[in-house]
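Input: a single structure, listed below in structure tokens.
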Amino acid sequence: MASTPPHWSLFTATTSNHHRQTRQQPNRRQWLPPRVSSSPRGSRSVSTPSAVSVSNAAASHRKLPTFSPLLTPNSSLSSDFSGRRSTRFVSKMHFGRPKTTMSTRHSSAAEDALQSVTTFSGDDEMFQSLISSFESKLRGSDDYTFLLRELGNRGECDKALGFYEFAVQRERRKNEQGKLASAMIGTLGRLGKVDVAKSVFEAALAGGYGNTVYAFSALVSAFGRSGLHEEAIGVFNSMKNYGLKPNLVTYNAVIDACGKGGMAFSKVAEFFDEMQRNGVQPDRITFNSLLGVCSRGGLWEVARNLFDEMVNRRIEQDVFSYNTLLDAICKGGQMDLAFVILAQMRAKRIMPNVVSYSTVIDGFAKAGRFDEALSLFDEMRYLGIALDRVSYNTLLSIYTRVGRDEEALDVLREMASVGIKKDVVTYNALLGGYGKQGKYVEVKSVFAEMKREHVLPNLLTYSTLIDVYSKGGLYKEAMEIFREFKRVGLRADVVLYSALIDALCKNGLVGSAVSLIDEMTKEGISPNVVTYNSIIDAFGRSAAMESRDGSLRVEPSASSLSTLSGTEDNLVMEIFGQLTTESTNRKKKDCKEGMNELFSILEVIRKMHQLQIKPNVVTFSAILNACSRCNSFEDASMLLEELRLFDNQVYGVVHGLLMGHRESVWLQAQSLFEKVKEMDGSTASAFYNALTDMLWHFGQKRSAQLVALEGRSRQVWENVWSTSCLDLHLMSSGAARAMVHAWLLNIRSVAYEGHELPKVMSILTGWGKHSKVVGDGALRPAVEALLRGMDAPFYLSKCNMGRFTSSGSVVATWQRESATLKLLTLHDQLTIKANTTMRSRDQQEQISLTLQPLLL
């Protein structure tokens, strides 16, 4: 059996016995949970709040393994696999927390001094005179520290520094000077003045009063707030040179700094282990910071077990703990669980706030579950929770994406009425939403308004516009946007490059796309999974070849950009010119060179593995779709066999089904389907569609049908099946045809049980999943050919080109014909050829299915 590199699997196992350690270490990180069984999609009644205790009774007797820090697993279905990206950071979860000060012992004179200093406007000499006038009234370091912090809270950095210099000169005791230095460093850190904070720290060290745990902790925190985690770790490690031991404040600061700097959870948790070895017990701030690390990485299972650990240690959770947990859960795609956590908060009398709701709403929106997101907005309004800018922007994005333009306009009016002006995020939401609907006039209008209102477009604005125009075939407009993008001095990122590469690939210019990947790499921009998915999909559509040196190369068409040279700008501009020409002169290519195509895909996968870029469900679908387009069974099976080296869990199942080993891999397939169930609807649908298409294409029709039925039983396609109607419009061609056979077999069982069939029976196909022109979809002709081949009495409706209808009585008569059962019964072609006994067993299985309703 092929082995799978542990960092490469699409579905990373979280309870593998291979990672279990036998040594028991109490109070260590036992945070990796058993799988959470989410409720069916769309259901809010997942369980009662009491049942969602972070350590339930059943799990309390289960020994969780202790994992090495380097083996901290990801969610079984990471956000990468689900194709999601999030721009929210949970450090914002603490926004609005009541300010606390370490000292409340300041005098009324300090309050007077603060008022005078705040309102002061004059030169430095006058400022020194002002603060000198309060010298005799202020009570030493307590008053000075109060003033420093309050000036910092008001953003008065220069005044705070001036007052700090005055206070340090007046204080003679080193420990009091040290307190002032710590307060000043902390204030500068909050203001983002990390270089000035470092200078103050170094001056304090030189003056003999900076070698305190608090001064070091304040500088660690200052670096952390600016995302400079390596510098924060350097300061932390230097403490031992001064004979200082980190305390709780220090450890909390370095853990928070590492998390904000994007360090892996396993590395951050090493500081947690160290603090416990040194006898420093973590508190709520420690755990909230660790939860923040989980949030940024979508490590929802680890986050839940951190909650367990807080309960075990009797550390009270607050709204910020829950908000950070919710963010991790939403980024991990566990939206049904997010509903449960909201209910749990209420049960514990911790009321969800605007951040709680905004986080969950944003998660539902990114998962494409807009109805549930809008329902939560209604709940917010009912509870009297005022929407903030983030909430309004999310709501606006949802309405524009689903085409509810009037509601979107209402949101804009409401924002204006409460004094929230449209910002760059607002405009980006409008541009992206209108762009997805193909409303290019509105896109141009919104962008023009953005300029009139003097809202500066950012990198995401330009990336969105280029992506929108490129996908719509408006390459001249995309070219103009790129010109403007370069004029304002912005630097392209992976999103912009990926949009260009996708446009090239969809126009068959694979050689140009690969050239652009080389160019972006030279620019220091690393391709991501989205970039490579476009290339894989293109290789499934056009011919390619490998170069002799083993690097990824394409045999481009005569019109490709293989001879392009020069700067990045020239390359991109020529690409747009090429796209403008090619968009009206595209040539479809057949599968004669299928082997080259598939082995080019394998080369891309190897490159992704080399760069440690995880494939996701789009990668999987693109690979299987490429197999479906190629007529060579041998080439497809060889590719899947090779891919087992990279992910045996996924491709082992696919290869087994293709090769006719359904019985031996079906249990593993069921486990795979359970994991897919946790993805959002569109992602899960793409998975099932791609798999059934490939199996149907190569004659494994019974396996394709079973896979489609598994998808239906897991509600991948909602409301797909009733006695009177079969709705196929969200299915691929293979899935739809397999489902037609299953549905008609079920109708047969209903008729044989003596039940009367509905008067009108319908099969809905719509215009086709990828249709651009009315009546031009691939799904309807495929279903029509299938029905004609079985002589099924369904005919295209005169008033609806995407609907086949028949009367129940006619269908019942057809079902009773002796040849119908044989026509409806599907088999796996390879299994039939290899083993006639297997065929007999399959036939018996099919016949038994006709005697009872299927999955009603």
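In this text, all values refer to a predicted model and were calculated from it rather than measured experimentally.
Residues satisfying the ring-ring contact (aromatic ring centres under 6.0 Å, His included) criterion with F804, sequence neighbours excluded, are absent altogether. For D727, the salt bridge (Lys or Arg N to Asp or Glu O under 4.0 Å) criterion is met by no residue, not counting sequence neighbours.
Ring-plane geometry between F620 and Y651 is classed as tilted, the angle between the planes lying from 30 to 60 degrees on a 0 to 90 degree scale. The aromatic rings of F673 and F687 sit perpendicular to each other, their planes meeting at more than 60°, with 30° as the lower class boundary. The aromatic rings of F633 and F698 lie perpendicular to each other, with more than 60° between the two planes, well past the 30° mark.
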Side chain to side chain donor-acceptor pair (under 3.5 Å) assessment of D518 paired with T521: CA-CA 5 Å; D518 293 339; T521 304; 5.5 Å; no
Working for side chain to side chain donor-acceptor pair (under 3.5 Å), residues S732 and D693: CA-CA 7 Å; S732 63; D693 261 4; 3.0 Å; yes
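Between F370 and F364, the distance from one ring center to the other does not fall under 6.0 angstrom.
Between E784 and R780 there is a salt bridge, since a side-chain N of the basic residue sits under 4.0 Å from a carboxylate O of the acidic one. A salt bridge is defined here as a Lys NZ or Arg NE, NH1 or NH2 lying under 4.0 Å from an Asp or Glu carboxylate O, and D828 with R662 meets this definition.
For the pair R712 and W721, the cation-pi criterion (under 6.0 Å, within 45° of the ring axis) is fulfilled.
Going from atom CD1 of I466 over to atom CG of D502 covers 13.5 Å, rounded to the nearest 0.5 Å. Taking CZ of R788 as the reference point, atom CZ of F794 lies at 10.0 Å (rounded to 0.5 Å).
Here the options are V530, V529, I525, T531, the test is side-chain contact (heavy atoms from CB on, under 4.5 Å), and the partner is P527; only T531 passes. Evaluated for a side-chain contact (heavy atoms from CB on, under 4.5 Å) with C505, the options N533, I535, I536 yield exactly one hit, I535.
When all heavy atoms of W300 and I329 are compared, the closest pair comes out as CB-CA, 3.6 Å.
With hydrogens and angles disregarded, a donor-acceptor distance shorter than 3.5 Å links the side chain of S637 to the backbone of E634.
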